[in-house]
Number of protein chains: 2
Amino acid sequence: MAIILDDNDKAILRELQEDASISNLNLSKKIGLSPSTCLARTKNLVETGIIKKFTTIVDEKKLGIEVTALALINLSPLNRETIHSFLEDINKYPQVQECYTLTGSHDYMLKIVAKDMESYRNFIIDSLMQNPAISGVDTSIVMSTEKRTVSIPIDVV
Amino acid sequence: MAIILDDNDKAILRELQEDASISNLNLSKKIGLSPSTCLARTKNLVETGIIKKFTTIVDEKKLGIEVTALALINLSPLNRETIHSFLEDINKYPQVQECYTLTGSHDYMLKIVAKDMESYRNFIIDSLMQNPAISGVDTSIVMSTEKRTVSIPIDVV
DNA sequence: CTTGAAAGAGACACGTC
DNA sequence: GACGTGTCTCTTTCAAG
């Protein structure tokens, strides 16, 4: 399933993860390829789905988002139906930025952003907990974000 | 501290979060502004730091990254020195994608990616745990990622 | 704050090796 | 696959409303 990339592809991914606004011309110079070749490779990375999208990272604090929380969730009963309905909810809520199925004593972990504590509380009670399958919500408030990146370490691969 | 944005700014952020590769011309059409005005506003968002960076989202599975883990960390003793040395480590490791300071019984939560279980284990033992201040690592393996976005819900603000 | 126009640069599709 | 050229579109700057 894993796709083999050569050093040029890796260099392109590294650069584009760092700064996607770089022009194809500058990118080609940086990694030592001709502009047309570089463009063809980048397009190929998009077409194969290795590059999923180009996006913009926004400073949430400057927009007034003051609360980030991690919530461990348990469903009861945990079956195909409750899982489906839970995940349907999750995908509806833009406040939920991440959702992972876990091993261990908790079924899911959510990362939730909110304007302030009151709006977080309202979201949990008025929206999330409205789903009767949710039997437990264990919230940890994030005091500070020390690191947050979406860059995949290309070298590890 | 929160900066007030008008509807045009919000529309720009929404679009750019969705797709940062859109041309300024198309962006201006979508939100009903002239190209030069739209560009000026976008540049302003970058200068004020509301837009932190443009980046590329890479499909980690296609690169052969098979393990994602959440690790709850405790430091002992928890003081200025151990915190500093721990965060210095964290910022060195590209495998650590996210690090949050938490309220509650655990000090930090890390999100870690690795090629496979063995390389995850090696990372924890040979790198992370080499720091003597770390007194506990409680790992939950991610079985599947149900949702993962970096888009800030602009409407919430 | 917005519009319009003009110049410069880059993207993209060729053909060639 | 990689490179070079030409066309065409977009960005970007400037003057003006």
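- B:K53 and A:D19 are not joined by a salt bridge, as no carboxylate oxygen comes within less than 4.0 angstrom of a charged side-chain nitrogen.
- In this model, the phosphate group of D:dC10 is not approached by any side-chain N or O of B:K29 to a distance below 4.0 Å at OP1 or OP2.
- For residues 51-87 of chain B, the ring-ring contact (aromatic ring centres under 6.0 Å, His included) pairs, not counting sequence neighbours, are B:F86-B:Y108.
- Between the CG atom of B:N24 and the C1' atom of D:dT9 there is a distance of 13 Å, rounded to whole Å.
- Using a cutoff of 4.0 Å between basic side-chain nitrogens and carboxylate oxygens, A:D126 and A:R121 are not scored as salt-bridged.
- The number of heavy-atom neighbours closer than 6.0 Å to CE of A:M143, taken from other residues, nucleotides and ligands shown, is above 12.
- Of the charged side-chain nitrogens involved, at least one lies within less than 4.0 Å of a carboxylate oxygen, so that A:E15 and A:K30 count as a salt-bridged pair.
- Atom CG of A:L39 is separated from atom P of D:dG4 by 15 Å (rounded to the nearest Å).
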Are any protein N/O atoms closer than 3.5 Å to N/O atoms in nucleotides 1-3 of chain D? If there are, list each pair with its distance.
unit_1, atom_1, unit_2, atom_2, d
D:dA2, OP1, A:R41, NH2, 2.6
D:dA2, OP2, A:R41, NE, 3.3
D:dA2, OP2, A:R41, NH2, 3.3
D:dC3, OP2, A:S34, N, 3.2
D:dC3, OP2, A:S34, OG, 3.4
D:dC3, OP2, A:T37, OG1, 3.4

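- In this structure, A:N91 and B:K147 have side chains that are in contact, with non-hydrogen atoms separated by less than 4.5 Å.
- Checking A:N26 against A:K43, the closest nucleotide of DNA chain C that is more toward the 5' end is the one next to A:N26.
- The interatomic distance linking B:L27 (CG) with D:dT12 (C1') rounds to 15 Å, in whole Å.
- Residue A:L25 is in sugar-phosphate contact alone, with no base atom involved, counting any heavy-atom pair closer than 4.0 Å across all strands shown.
- At the phosphate of D:dT11, OP1 or OP2 sits under 4.0 Å from a side-chain N or O atom of B:S23.
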